[in-house]
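Values in this document were obtained by computation on a predicted structure and should not be read as measured data. Chain letters run A, B, ... following the sequence lines, proteins first and then strands; every chain starts at 1.
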Amino acid sequence: SVQLPRHDEL
Amino acid sequence: MNIFRLLGDMCHLVAIIILFLKIWRSKSCAGISGKSQVLFALVFTTRYLDLFTSFISVYNTVMKVVFLVLAYATVYLIYLRFRSTYNSESDSFRVEFLLVPVAGLSFLENYAFAPLEILWTFSIYLESVAILPQLFMITKTGEAESITTHYLFFLGLYRALYLANWVWRYHTEGFFDQIAVVSGVVQTIFYCDFFYLYFTKVLRGSGKMTLP
(Lines give C-alpha, C1' and ligand atoms only; values in the text may rest on other atoms or scores of the structure.)
Protein backbone atom coordinates (compact mmCIF):
# COMPACT_ATOMS: atom_id res chain seq x y z
CA SER A 1 0.00 0.00 0.00
CA VAL A 2 1.16 3.54 -0.54
CA GLN A 3 3.14 4.56 2.51
CA LEU A 4 1.52 7.81 3.66
CA PRO A 5 4.13 10.46 4.38
CA ARG A 6 4.07 10.95 8.13
CA HIS A 7 3.27 14.63 8.44
CA ASP A 8 5.90 15.42 11.04
CA GLU A 9 6.00 19.15 10.32
CA LEU A 10 3.86 21.89 11.85
CA MET B 1 14.44 18.65 12.96
CA ASN B 2 16.89 21.13 11.42
CA ILE B 3 17.82 24.72 12.07
CA PHE B 4 15.76 26.03 9.14
CA ARG B 5 12.58 24.38 10.36
CA LEU B 6 13.23 25.38 13.99
CA LEU B 7 13.88 29.01 12.97
CA GLY B 8 10.80 28.83 10.76
CA ASP B 9 8.60 27.61 13.59
CA MET B 10 10.00 30.33 15.87
CA CYS B 11 9.26 33.02 13.23
CA HIS B 12 5.75 31.63 12.92
CA LEU B 13 5.28 31.75 16.69
CA VAL B 14 6.74 35.28 16.90
CA ALA B 15 4.40 36.47 14.14
CA ILE B 16 1.33 35.06 15.87
CA ILE B 17 2.40 36.52 19.23
CA ILE B 18 3.17 39.94 17.69
CA LEU B 19 -0.34 40.11 16.25
CA PHE B 20 -2.06 38.86 19.39
CA LEU B 21 -0.18 41.31 21.65
CA LYS B 22 -0.76 44.20 19.23
CA ILE B 23 -4.51 43.67 19.34
CA TRP B 24 -4.59 42.88 23.06
CA ARG B 25 -2.49 45.88 24.17
CA SER B 26 -3.91 48.45 21.75
CA LYS B 27 -7.38 47.01 22.39
CA SER B 28 -7.96 47.47 18.70
CA CYS B 29 -7.88 45.34 15.58
CA ALA B 30 -7.99 48.28 13.16
CA GLY B 31 -6.25 47.39 9.91
CA ILE B 32 -6.32 43.67 10.71
CA SER B 33 -8.17 41.27 8.42
CA GLY B 34 -10.41 39.10 10.58
CA LYS B 35 -11.01 36.92 7.54
CA SER B 36 -7.35 35.98 7.29
CA GLN B 37 -7.28 35.12 10.98
CA VAL B 38 -10.34 32.89 10.61
CA LEU B 39 -8.66 31.17 7.66
CA PHE B 40 -5.52 30.58 9.75
CA ALA B 41 -7.61 29.12 12.58
CA LEU B 42 -9.19 26.83 9.95
CA VAL B 43 -5.72 25.89 8.64
CA PHE B 44 -4.58 24.84 12.10
CA THR B 45 -7.83 23.03 12.88
CA THR B 46 -7.79 20.93 9.71
CA ARG B 47 -4.05 20.29 9.92
CA TYR B 48 -3.72 19.40 13.59
CA LEU B 49 -6.52 16.86 13.89
CA ASP B 50 -3.75 14.27 14.20
CA LEU B 51 -3.10 15.70 17.64
CA PHE B 52 -5.28 12.90 18.88
CA THR B 53 -4.21 10.13 16.54
CA SER B 54 -0.42 10.32 16.17
CA PHE B 55 2.28 11.48 18.55
CA ILE B 56 5.37 12.91 16.82
CA SER B 57 7.21 14.63 19.69
CA VAL B 58 6.56 16.80 22.73
CA TYR B 59 7.69 19.84 20.73
CA ASN B 60 5.28 18.99 17.90
CA THR B 61 2.33 18.50 20.23
CA VAL B 62 3.05 21.59 22.35
CA MET B 63 3.50 23.87 19.30
CA LYS B 64 0.27 22.60 17.73
CA VAL B 65 -1.68 23.39 20.90
CA VAL B 66 -0.04 26.82 21.21
CA PHE B 67 -0.81 27.69 17.57
CA LEU B 68 -4.42 26.54 17.92
CA VAL B 69 -5.00 28.45 21.15
CA LEU B 70 -3.41 31.69 19.87
CA ALA B 71 -5.24 31.47 16.54
CA TYR B 72 -8.65 31.09 18.16
CA ALA B 73 -7.81 33.68 20.82
CA THR B 74 -6.95 36.17 18.05
CA VAL B 75 -10.21 35.45 16.23
CA TYR B 76 -12.04 35.92 19.54
CA LEU B 77 -10.36 39.32 20.08
CA ILE B 78 -11.29 40.49 16.58
CA TYR B 79 -14.87 39.26 16.33
CA LEU B 80 -15.97 39.42 19.94
CA ARG B 81 -13.79 41.34 22.40
CA PHE B 82 -12.83 44.31 20.20
CA ARG B 83 -15.38 43.89 17.42
CA SER B 84 -16.24 47.61 17.51
CA THR B 85 -12.74 48.35 16.20
CA TYR B 86 -12.92 45.78 13.39
CA ASN B 87 -12.93 47.42 9.93
CA SER B 88 -15.35 44.96 8.32
CA GLU B 89 -15.94 47.29 5.37
CA SER B 90 -12.22 47.25 4.50
CA ASP B 91 -11.99 43.49 5.07
CA SER B 92 -14.00 42.78 1.94
CA PHE B 93 -12.08 39.93 0.28
CA ARG B 94 -14.46 37.21 -0.96
CA VAL B 95 -13.03 34.21 0.95
CA GLU B 96 -15.38 31.86 -0.89
CA PHE B 97 -13.15 32.47 -3.93
CA LEU B 98 -10.39 30.86 -1.88
CA LEU B 99 -12.29 28.14 -0.03
CA VAL B 100 -14.04 26.58 -3.02
CA PRO B 101 -10.97 26.11 -5.27
CA VAL B 102 -8.82 25.00 -2.30
CA ALA B 103 -11.44 22.46 -1.20
CA GLY B 104 -11.88 21.21 -4.76
CA LEU B 105 -8.14 20.87 -5.34
CA SER B 106 -7.65 19.00 -2.04
CA PHE B 107 -10.06 16.34 -3.32
CA LEU B 108 -8.30 16.15 -6.69
CA GLU B 109 -4.64 16.39 -5.72
CA ASN B 110 -3.74 14.56 -2.52
CA TYR B 111 -1.59 11.65 -1.31
CA ALA B 112 -4.57 9.51 -0.35
CA PHE B 113 -8.33 9.79 -0.52
CA ALA B 114 -8.72 9.51 3.25
CA PRO B 115 -10.49 12.04 5.50
CA LEU B 116 -7.46 13.08 7.60
CA GLU B 117 -5.26 13.22 4.51
CA ILE B 118 -7.71 15.35 2.52
CA LEU B 119 -8.12 17.70 5.49
CA TRP B 120 -4.33 17.96 5.80
CA THR B 121 -4.08 18.73 2.06
CA PHE B 122 -6.87 21.30 2.39
CA SER B 123 -4.94 23.00 5.21
CA ILE B 124 -1.75 23.12 3.13
CA TYR B 125 -3.49 24.66 0.10
CA LEU B 126 -5.51 27.03 2.29
CA GLU B 127 -2.46 28.28 4.16
CA SER B 128 -0.84 29.37 0.90
CA VAL B 129 -3.71 31.81 0.21
CA ALA B 130 -4.91 32.61 3.75
CA ILE B 131 -2.95 35.88 3.93
CA LEU B 132 -4.58 37.30 0.77
CA PRO B 133 -7.48 39.02 2.58
CA GLN B 134 -4.93 40.79 4.81
CA LEU B 135 -2.73 41.86 1.88
CA PHE B 136 -5.85 42.93 -0.03
CA MET B 137 -7.00 45.01 2.98
CA ILE B 138 -3.64 46.80 3.09
CA THR B 139 -3.82 47.64 -0.62
CA LYS B 140 -7.40 48.84 -0.08
CA THR B 141 -6.59 51.09 2.88
CA GLY B 142 -3.27 52.08 1.27
CA GLU B 143 -1.35 51.78 4.53
CA ALA B 144 -0.41 49.45 7.39
CA GLU B 145 0.82 50.13 10.91
CA SER B 146 4.46 49.18 11.30
CA ILE B 147 3.60 46.49 13.89
CA THR B 148 1.33 44.85 11.30
CA THR B 149 4.17 44.87 8.78
CA HIS B 150 6.47 43.16 11.30
CA TYR B 151 3.76 40.52 11.81
CA LEU B 152 3.63 39.97 8.03
CA PHE B 153 7.41 39.91 7.75
CA PHE B 154 7.80 37.06 10.25
CA LEU B 155 4.80 35.24 8.79
CA GLY B 156 6.31 35.40 5.30
CA LEU B 157 9.79 34.53 6.58
CA TYR B 158 8.52 31.37 8.33
CA ARG B 159 7.44 29.65 5.12
CA ALA B 160 10.55 30.89 3.27
CA LEU B 161 12.61 29.15 5.98
CA TYR B 162 10.48 26.04 5.48
CA LEU B 163 11.55 26.06 1.82
CA ALA B 164 15.16 25.92 3.03
CA ASN B 165 14.11 23.13 5.45
CA TRP B 166 12.72 21.09 2.52
CA VAL B 167 15.90 21.55 0.49
CA TRP B 168 17.90 20.43 3.52
CA ARG B 169 15.63 17.42 4.18
CA TYR B 170 15.74 16.42 0.52
CA HIS B 171 19.54 16.34 0.54
CA THR B 172 19.99 14.79 3.97
CA GLU B 173 17.13 12.30 4.18
CA GLY B 174 15.61 12.18 0.69
CA PHE B 175 12.40 13.65 2.13
CA PHE B 176 10.23 15.39 -0.46
CA ASP B 177 6.66 16.46 0.24
CA GLN B 178 5.56 17.77 -3.16
CA ILE B 179 2.19 19.20 -2.02
CA ALA B 180 3.78 21.13 0.85
CA VAL B 181 6.70 22.36 -1.28
CA VAL B 182 4.59 23.61 -4.21
CA SER B 183 2.14 25.32 -1.85
CA GLY B 184 5.01 26.77 0.17
CA VAL B 185 6.55 28.30 -2.95
CA VAL B 186 3.21 29.83 -3.98
CA GLN B 187 2.67 31.13 -0.42
CA THR B 188 6.11 32.75 -0.27
CA ILE B 189 5.68 34.32 -3.72
CA PHE B 190 2.57 36.13 -2.47
CA TYR B 191 4.80 37.89 0.10
CA CYS B 192 7.45 39.06 -2.40
CA ASP B 193 5.69 42.34 -3.13
CA PHE B 194 5.25 42.93 0.59
CA PHE B 195 8.89 42.05 1.34
CA TYR B 196 10.00 44.64 -1.22
CA LEU B 197 7.88 47.35 0.41
CA TYR B 198 8.95 46.19 3.89
CA PHE B 199 12.67 46.49 3.15
CA THR B 200 12.39 49.73 1.18
CA LYS B 201 9.84 51.51 3.39
CA VAL B 202 9.48 50.18 6.89
CA LEU B 203 13.12 49.35 7.59
CA ARG B 204 14.05 52.81 6.30
CA GLY B 205 12.45 54.00 9.53
CA SER B 206 9.44 55.55 7.83
CA GLY B 207 7.30 53.77 10.45
CA LYS B 208 4.02 53.34 8.62
CA MET B 209 3.99 51.49 5.34
CA THR B 210 2.10 53.61 2.84
CA LEU B 211 1.53 52.01 -0.52
CA PRO B 212 2.46 54.05 -3.63
Please classify the contact of [X] with chain A as side chain, backbone, both or neither, using a heavy-atom distance under 4.5 Å.
X       : value
B:Phe55 : backbone
B:Asn60 : both
B:Phe44 : neither

Exercise. With a 3.5 Å cut-off and no angle check, do the side chains of B:Tyr72 and B:Thr45 form a donor-acceptor pair?
Worked result: yes

**Asked** Is B:Arg169 close to B:Phe4 at the side-chain level, that is, under 4.5 Å between some pair of heavy atoms?
**Response** no

Exactly one candidate in B:Phe67, B:Phe40, B:Phe154 meets ring pair (Phe, Tyr, Trp, His ring centres under 6.0 Å) with B:His12; the answer is B:Phe67

Query raised in the report: Is it true that B:Asp50 and B:Lys64 make a salt bridge, defined as a side-chain N closer than 4.0 Å to a carboxylate O?
Result: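 A salt bridge links B:Asp50 with B:Lys64.
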
